[in-house]
Amino acid sequence: MTTRATELLRVVHARPGVTRADAARLIGVGTGATTELVGRLGQAELLAEGPTAPSGARGRPTTALIPHPRGPLIAAASITHEAWRVDVVELGGSILATAGEELAGRSGDEVVAALGAAVHRLRIEYRDRIRGIGISVPGTVSRDLMLDASQLGWQDVDLAVAWPRAEIFVAGNDATLAASAESRRGIAVGAAVALHLRIEAGLGGAVVDGGRVLIGALGASGEFGHMPFGDPAVRCPCGAFGCWGTAVDGSALARLLGHETPPDPVTYARRIITDPNPEPAAAAATVATALGRGIAGLVNGLDADLVTLGGLGVDLLAAAPAQLLAAYEAGLMSFRRATPPPVLPALLGDNGPIVGAAEEAWTALLARLT
Ligand SMILES: [Zn+2]
């Protein structure tokens, strides 16, 4: 495969439904050469042509470049604090099939085994068209694919069990993958320095500098929830005291309301945050304030021009926007206050991590198709 062919596949992946003429312009190739490229990619069962989605525009119908019906696919998986899921994703990002279930208190090894069984079934169903897997996880992943998820109490869980000897196997932290997805397919496309913060059980995130995710020396960057912006008397599951994450998640709400630590922290937090009664509303406002203050600290330190929120961050912004934004602006250095960097809900919402996992796997696969 030539470089031009790979570029064309990348364009079709990034802009599903692109017309042949637009794709030709984007890769800087004439229409004749593009016709030949499309023909070759069709023979290789990578690309096909089909009608464009109706846009409402009048005129001659054009054809769009679409994934080949027998083309390669990726399995994109996510493990959250409450459930696992696996999607079959084609070129362009569309989902062809999905499977998943609740964690239901199972161990990390059991969850990865269940996920692996689903991947195996899907590989048979799609007759070996699935070429690789990307997995999003609520913790840190070592280079040899061992997962530690302190909030779930999981240590040394072997993710490779999900697909032993896979041709392509990528895994990453959910907040990092959500940040990457938001900068590729979400609201942060084109931002200079985008900060993404995701609250589930605890808080994680990532900085995307000019489209490139800062992953750190060990690949464990973005653990913003473990900066000491919280109450120094509160011990975090990570072992440190005063972590910011413990001031903004479901455990913070439970502490403020005198409840037991909930087994389903995200569902619990959503219920409290949307409860209009005075006591839960006051707790949500306190937590939103702690979130806003911390965001200000990060914007001051990183000089971000956009902040996106995922997970419970979206719920807090919707429930207590005045408190969150007042604390944010009060914490900003005065020169930033005239035009504070916007704090917005992530466009991809709860799908951010799994979309990011699909994108990472597709990036690896597109490089191999050349
Ligand atoms: Zn911590």
Side-chain angles (χ1 to χ4, degrees), residues 79-82 103 108 136-142 146-157 171-179 195-207 213-257 259-270 272-273 283-284 286-302 304 307 309-313 315-316 324 327-328 331 352-353:
I79 299 171
T80 70
H81 292 96
E82 297 180 1
L103 299 192
S136 153
V137 292
T140 53
V141 186
S142 69
M146 301 302 279
L147 163 65
D148 279 3
S150 61
Q151 306 281 353
L152 281 165
W154 296 359
Q155 260 193 324
D156 293 330
V157 175
N173 174 264
D174 52 6
T176 308
L177 289 170
L195 168 66
H196 179 71
L197 297 172
R198 180 178 171 77
I199 306 174
E200 271 219 314
L203 182 153
V207 179
V213 182
L214 185 71
I215 57 164
L218 299 172
S221 174
E223 296 288 346
F224 300 119
H226 303 286
M227 298 195 304
F229 293 172
D231 180 347
V234 175
R235 183 162 194 185
C236 175
C238 80
F241 286 87
C243 287
W244 185 32
T246 63
V248 297
D249 68 356
S251 75
L253 292 166
R255 214 166 37 248
L256 286 165
L257 293 167
H259 295 165
E260 293 283 309
T261 307
D264 51 350
V266 179
T267 305
Y268 165 83
R270 285 224 157 97
I272 299 294
I273 293 167
T286 300
V287 163
T289 300
L291 179 60
R293 276 176 55 78
I295 293 172
L298 286 170
V299 167
N300 288 339
L302 295 165
V307 181
L309 299 178
L312 295 171
D315 304 71
L316 287 169
L324 196 158
Y328 168 56

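It should be emphasised that the depicted structure is a prediction, and the values quoted were computed from it without experimental measurement. One-based numbering, in listed order, for ligands and for the atoms of each.
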Chemist: Checking R270 now: which residues fulfil salt bridge (Lys or Arg N to Asp or Glu O under 4.0 Å) with it, not counting sequence neighbours?
Modeler: D315, D350
Chemist: Does a donor on one side chain sit under 3.5 Å from an acceptor on the other, for E82 and T267?
Modeler: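 The criterion, which ignores hydrogens and geometry beyond distance, is satisfied for T267 and E82.
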Chemist: Could you tell me whether the side chain of D148 and the main chain of D156 form a donor-acceptor pair under 3.5 Å?
Modeler: yes
Chemist: Everything protein-side that's N, O or S and under 2.8 Å from the Zn ion (ligand 1): list it, residue and atom.
Modeler: H226 ND1, C236 SG, C238 SG, C243 SG
Chemist: Does D249 reach the main-chain N or O of A252 with its side chain, forming a donor-acceptor pair under 3.5 Å?
Modeler: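 Between the backbone of A252 and the side chain of D249 there is a qualifying donor-acceptor contact (under 3.5 Å).
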Chemist: Give a yes or no answer on whether the side chain of N300 reaches the backbone of G331 with a donor-acceptor pair at less than 3.5 Å.
Modeler: yes
Chemist: Applying the side-chain contact (heavy atoms from CB on, under 4.5 Å) criterion to E223, which one of T176, L203, N173 satisfies it?
Modeler: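 With E223 as partner, side-chain contact (heavy atoms from CB on, under 4.5 Å) holds for just one option, N173.
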